Structures are given as C-alpha cells and as structure tokens.
Protein chains: 2
Amino acid sequence: MDIKTLCLGILSLGDATGYEIKKMVAEGSLSLFSEASYGSIYPALGKLMEQGLVTCRAMAQDKRPDKKVYSLTEAGRGELTHSLRKDPDPDKNRSEFLAAILFCESVAPERVTTLIQDRIVEHEEKITALEGLLAGEMTPASRFVVEYGIATQKAALKFLQTHQGSLVGAAAKGAAIELKEVDTPAAK
Amino acid sequence: MDIKTLCLGILSLGDATGYEIKKMVAEGSLSLFSEASYGSIYPALGKLMEQGLVTCRAMAQDKRPDKKVYSLTEAGRGELTHSLRKDPDPDKNRSEFLAAILFCESVAPERVTTLIQDRIVEHEEKITALEGLLAGEMTPASRFVVEYGIATQKAALKFLQTHQGSLVGAAAKGAAIELKEVDTPAAK
DNA sequence: TCCAATAGTATCAATGCGATATATATAGTG
DNA sequence: CACTATATATATCGCATTGATACTATTGGA
C-alpha cells in the first residue's frame with residue numbers, strides 16, 4: 001500500500017492535518033501495520049489534492065503556522081474503496097532483533113542473552129501500551145486491530161520466555177570466534 | 001539494518017552469489033524478517049567490495065553468465081560484529097490486511113468476511129511451510145527464528161478464528177446505515 | 001510445441017525514509 | 001531563572017530502496 005492510499009484511508013476515518021497523520025502512524029492502532037515520514041506524507045497530500053481526491057481548508061492559528069486540514073472527497077472515497085477491492089499484499093516484517101539472533105555466531109554469547117532479555121521487556125511494555133489503548137473509546141475495527149496486536153505480541157513474549165535457553169548452545173559455539181575477535185581493535 | 005549489513009550477515013552464514021542472497025531473503029528463515037531487491041543487493045555487494053569487507057571470485061559456467069561468489073573477509077566479519085553491537089531498532093511491520101480491516105467502513109461488509117477467511121488460509125499455509133523448513137537441517141539460531149515465526153503465525157491464526165465474528169457487527173452496522181439512516185444504538 | 005520456472009547479472013525511474021530547517025509555546029528540571 | 005525537552009505544524013533534500021524490466025539460456029511440465 002503506497003502512502004497516498006494510506007492517507008486516503010486515514011482521512012476516511014476523519015479529517016486530519018499532515019502532522020496528525022504522522023502522529024497516527026507513529027502511535028495508536030495504525031502504528032501496528034504502517035509507517036510514513038513527513039517526506040512522503042506532504043508530497044502525497046499534494047498529489048491527492050491535484051487529483052481531486054482530497055480537499056484542504058487552511059485554518060489560521062495564533063502564533064503558529066496555518067493548519068491545513070484535509071478532507072476526503074467523494075472521488076477520494078471511491079478511489080479508496082477501489083484500492084481496497086484488490087487482495088492485500090502479504091505482510092512485510094522487518095526485525096533487527098531476529099537478524100541479530102540469526103547472525104548470533106558473530107556476536108558475543110552474553111550479548112544474545114541481553115538481546116533476548118531486553119526484547120522481553122520491550123514486549124511487556126508494548127502489551128501494556130496496547131492494553132491502555134483499549135481502555136479508551138474505539139471503533140470495533142480499531143479494537144480488532146489492537147487486540148490482534150496484543151495477541152501476537154503475547155505469543156512472541158511467551159516464545160522468548162520459554163525458548164531463551166535454546167540458543168545457549170549456539171552462543172557457546174560462537175564463543176571461540178568472539179574471543180579471537182576481541183583481540184583486534186579494528187572495530188569502531 | 002541497511003542492505004549492506006544484511007549482506008554481511010548472510011555471507012557470515014556462508015559464501016553466496018547475489019542471486020542466492022535474493023533467494024534467501026525471499027524464502028527461508030530470512031524471509032521472516034527481511035527483504036531486499038536486486039536493485040539494492042548488487043550495488044551493496046559492489047560497495048562492500050570497494051571497502052574490502054567481502055571478496056569475490058568469478059566462476060565460469062557453461063552457457064550461463066559467470067557466477068560471482070562473494071565471501072566475507074576478516075574485516076567484514078569485524079564490521080558485522082560491530083554493527084550487531086548496537087541495540088536493534090524496533091520491528092517494522094506492514095500489513096495491507098490490517099489496513100483493509102481498519103478502513104473496513106469503505107469496503108462492502110461481505111468483503112471483510114472474505115478478507116479474513118483468505119487470511120486464515122494464508123496463515124495455515126505459511127505455518128505448514130515453516131514446519132516443513134524445520135524438517136531439514138538447521139542451525140540452532142535458524143531453528144529459533146523459524147519456531148518464533150510459527151508461534152506468531154499460530155497466534156494470529158487463532159485470533160482470527162476466534163474473533164472473526166466481532167467485526168460482523170461493525171460491518172452489519174455499516175450496511176444498516178446505508179439502508180436506513182436511523183437505527184437502534186449498537187450493542188456490544 | 002509453447003509457456004513457465006529456474007539460474008544469473010544488471011540498471012533505472014519512482015517511491016519513500018531520515019534528517020533537518022523554520023517558528024513558537026509550554027512544561028519540566030537543575 | 002535559565003536551560004532543555006517536548007509539542008504543534010509545514011516543508012524540503014539527499015540518499016537508499018523498490019519494483020519492473022532487460023538480457024540470455026536451460027529445464028520441466030501441460
């Protein structure tokens with residue numbers, strides 16, 4: 001899904017500024033499955049304006065730059081509906097954590113332990129944050145997405161808690177390599 | 001993690017050609033957390049060569065272009081170890097499926113049902129494929145990553161199976177609004 | 001026979017990310 | 001009180017990356 005379609009979708013939930021769109025993809029339920037930078041949002045909104053898929057009204061503000069509130073047009077709603085008619089592409093997941101695990105023969109054994117411990121804490125915090133979201137008012141769809149996020153986070157957490165020992169053997173194997181590595185101060 | 005570091009990590013598992021690197025990130029355990037196109041892999045390998053982090057030997061082949069097999073150098077291994085010393089960035093997950101769910105007021109109610117049904121099948125197929133991987137020979141780290149993938153896939157599958165009904169209310173609500181403007185307040 | 005898949009390397013336009021610039025207000029901290 | 005961080009808000013720029021495509025040749029299946 002390109003950023004233009006993402007913007008159409010967000011605006012289908014209500015009017016918003018570029019800044020608010022950025023906040024929504026960085027926090028809240030949208031953060032579970034999307035991401036976008038200012039460098040993609042503002043040009044996207046500009047193009048959507050040109051295409052007549054959104055409208056924009058400038059709201060003057062005291063001592064602040066004008067707020068540009070974007071709204072979906074009828075054509076924009078139609079375009080969104082059309083885009084969602086296509087079968088969704090498979091999920092794309094990027095994880096530096098899993099990469100570090102897979103390449104663990106190139107890191108110190110105790111580093112692997114730390115990595116997993118930290119990850120467990122992050123999962124716990126993420127779950128708490130998502131459960132906090134559920135306390136507020138939400139649409140059924142938004143609730144569904146957040147609960148989906150909680151379910152997968154909990155599964156990952158449980159896996160790490162029950163399997164963190166299974167990499168010790170591999171880490172020990174890599175220890176010999178690491179000792180040799182430490183002698184060479186080439187890094188940094 | 002940029003593509004250069006990803007290539008270093010992959011080469012730390014064994015020598016490979018650009019084509020093989022692409023296959024590894026598209027299939028196998030690496031596909032669970034990474035992605036890379038030819039347009040990023042070949043330039044990355046070129047830069048790594050310039051930096052002396054990898055070496056390359058051309059293997060002549062019958063009736064095919066030369067195969068360029070890349071190997072990690074000592075410096076390359078050091079650079080990888082150094083990169084992995086940094087705390088991993090948080091995961092980035094993109095899901096057009098979850099987007100479609102969140103924007104479901106812009107799609108037909110029966111479409112939501114289809115979307116979830118199809119997703120359930122995809123999860124089942126993915127789990128089967130990952131379990132197939134476990135049958136072969138694997139390093140402990142690779143096994144860990146694949147089992148992690150299975151655990152999260154199963155959690156997502158179970159969530160969809162047990163919660164697929166919870167969006168029917170929302171979809172029905174949307175349909176009712178289309179048919180008749182006033183309706184009784186929705187009950188959870 | 002013909003099409004799809006496999007095995008390889010490689011490039012390019014368009015897209016998008018990450019950082020940064022520009023202003024100002026408020027809140028927290030030493 | 002000064003200083004720093006955070007929040008509000010728009011916008012641009014260089015660079016990394018994607019997705020598609022080009023080129024060539026073999027193998028396997030319908």
Side-chain angles (χ1 to χ4, degrees), chain A residues 1-8 10 15-28 30-31 33-51 54 56-70 83 86 89-94 96 99, chain B residues 1-8 10 15-28 30-31 33-51 54 56-70 83 86 89-94 96 99:
Chain A
M1 177 177 293
D2 62 19
I3 306 290
K4 282 197 292 183
T5 308
L6 181 65
C7 287
L8 289 179
I10 290 172
D15 294 353
T17 66
Y19 181 78
E20 287 167 343
I21 290 174
K22 169 69 178 164
K23 265 208 326 197
M24 291 171 79
V25 297
E27 309 157 25
L30 274 140
S31 70
F33 61 85
S34 65
E35 199 172 9
S37 61
Y38 289 128
S40 57
I41 291 170
Y42 285 111
L45 289 171
K47 284 173 207 158
L48 291 173
M49 279 281 288
E50 283 175 31
Q51 296 176 256
V54 303
C56 170
R57 62 201 138 89
M59 297 183 72
Q61 294 187 116
D62 258 7
K63 309 273 191 180
R64 283 191 192 286
D66 279 7
K67 194 191 272 192
K68 292 187 181 176
V69 181
Y70 292 88
S83 295
K86 288 181 297 191
D89 281 351
D91 290 12
K92 294 174 184 179
N93 306 303
R94 286 167 181 261
E96 293 201 355
Chain B
M1 176 177 293
D2 61 18
I3 307 291
K4 282 196 292 182
T5 308
L6 182 65
C7 287
L8 289 178
I10 291 172
D15 294 352
T17 65
Y19 181 78
E20 287 166 343
I21 289 174
K22 169 69 177 163
K23 265 208 324 195
M24 291 170 81
V25 296
E27 310 157 26
L30 274 140
S31 70
F33 62 83
S34 65
E35 198 172 12
S37 60
Y38 288 129
S40 57
I41 291 169
Y42 284 113
L45 289 171
K47 284 172 209 160
L48 291 173
M49 278 282 287
E50 284 175 29
Q51 296 176 254
V54 303
C56 169
R57 61 203 138 86
M59 297 184 71
Q61 292 186 115
D62 259 7
K63 311 272 190 180
R64 284 191 194 284
D66 279 7
K67 192 192 276 193
K68 291 185 180 177
V69 181
Y70 293 87
S83 296
K86 288 181 297 190
D89 282 349
D91 290 13
K92 294 174 185 177
N93 305 302
R94 287 167 180 260
E96 293 201 355

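All values reported here derive from a predicted model rather than from experimental measurement.
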Derivation and outcome, side-chain contact (heavy atoms from CB on, under 4.5 Å), residues B:V25 and B:I10: CA-CA 9 Å; B:V25 296; B:I10 291 172; 3.8 Å; yes

For A:Y19 against A:Y42, the heavy-atom pair lying closest together: N-OH, 3.5 Å

Rounded distance (Å) that lies between atom P of C:dT11 and atom NZ of B:K47: 12 Å

Shortest side-chain distance from A:Y38, nucleotide among C:dA10, D:dT12, C:dG16: D:dT12

C:dT6 OP1/OP2 closer than 4.0 Å to side-chain N/O of B:K23: no

Integer-rounded Å distance: C:dC17 P and B:M1 CE: 19 Å

Interatomic distance, A:I21 CD1 vs D:dT10 P [rounded to whole Å]: 9 Å

D:dA16 phosphate, OP1 or OP2, under 4.0 Å from B:S40 side-chain N/O: no

Side-chain donor or acceptor of B:K22 paired with backbone N/O of B:A36 under 3.5 Å: yes

Side-chain N,O (B:K92) to OP1/OP2 (C:dG18) below 4.0 Å: yes

Rounded distance [0.5 Å steps], CD in B:E96 versus CE in A:M1: 5.0 Å

Euclidean distance, atom CE of residue B:M49 to atom P of C:dA10 [Å, nearest integer]: 11 Å

C:dC17 OP1/OP2 closer than 4.0 Å to side-chain N/O of A:K22: no

Any A:T17 side-chain N or O less than 4.0 Å from OP1/OP2 of D:dT10: yes

Atom pair distance, as rounded to whole Å: CG in A:D89 and C1' in D:dT18: 12 Å

B:Y70 or A:K4, whichever maps to the more 5' nucleotide of DNA chain C: B:Y70

N/O (side chain, B:K68) to phosphate O (OP1/OP2, C:dA10) under 4.0 Å: yes

D:dA11 phosphate, OP1 or OP2, under 4.0 Å from A:Y42 side-chain N/O: no

Rounded interatomic separation in angstrom, taking CD from A:E27 and C1' from D:dT8: 13 Å

Under-4.0 Å side-chain N/O to phosphate OP1/OP2 contact, A:Y19 with D:dT10: no

Atom-pair distance (CD1 on B:I41; P on C:dA10), nearest Å: 12 Å

Nearest heavy-atom neighbours spanning A:E35 and B:R94: O-NH2, 3.7 Å

Distance below 4.0 Å between B:S37 side-chain N/O and D:dT18 OP1 or OP2: yes

Atom pair distance, as rounded to whole Å: CZ in A:R57 and P in D:dT10: 12 Å

Touch class at under 4.0 angstrom, heavy-atom based, for A:A36 against every strand present: sugar-phosphate

Sugar-phosphate only, base, or nothing, as touched by B:G39 at under 4.0 Å among non-hydrogen atoms: base

Any B:R94 side-chain nitrogen or oxygen under 4.0 Å from OP1 or OP2 of D:dT18: no

Trace of the side-chain contact (heavy atoms from CB on, under 4.5 Å) decision for B:R57 with B:D15: CA-CA 10 Å; B:R57 61 203 138 86; B:D15 294 352; 2.6 Å; yes

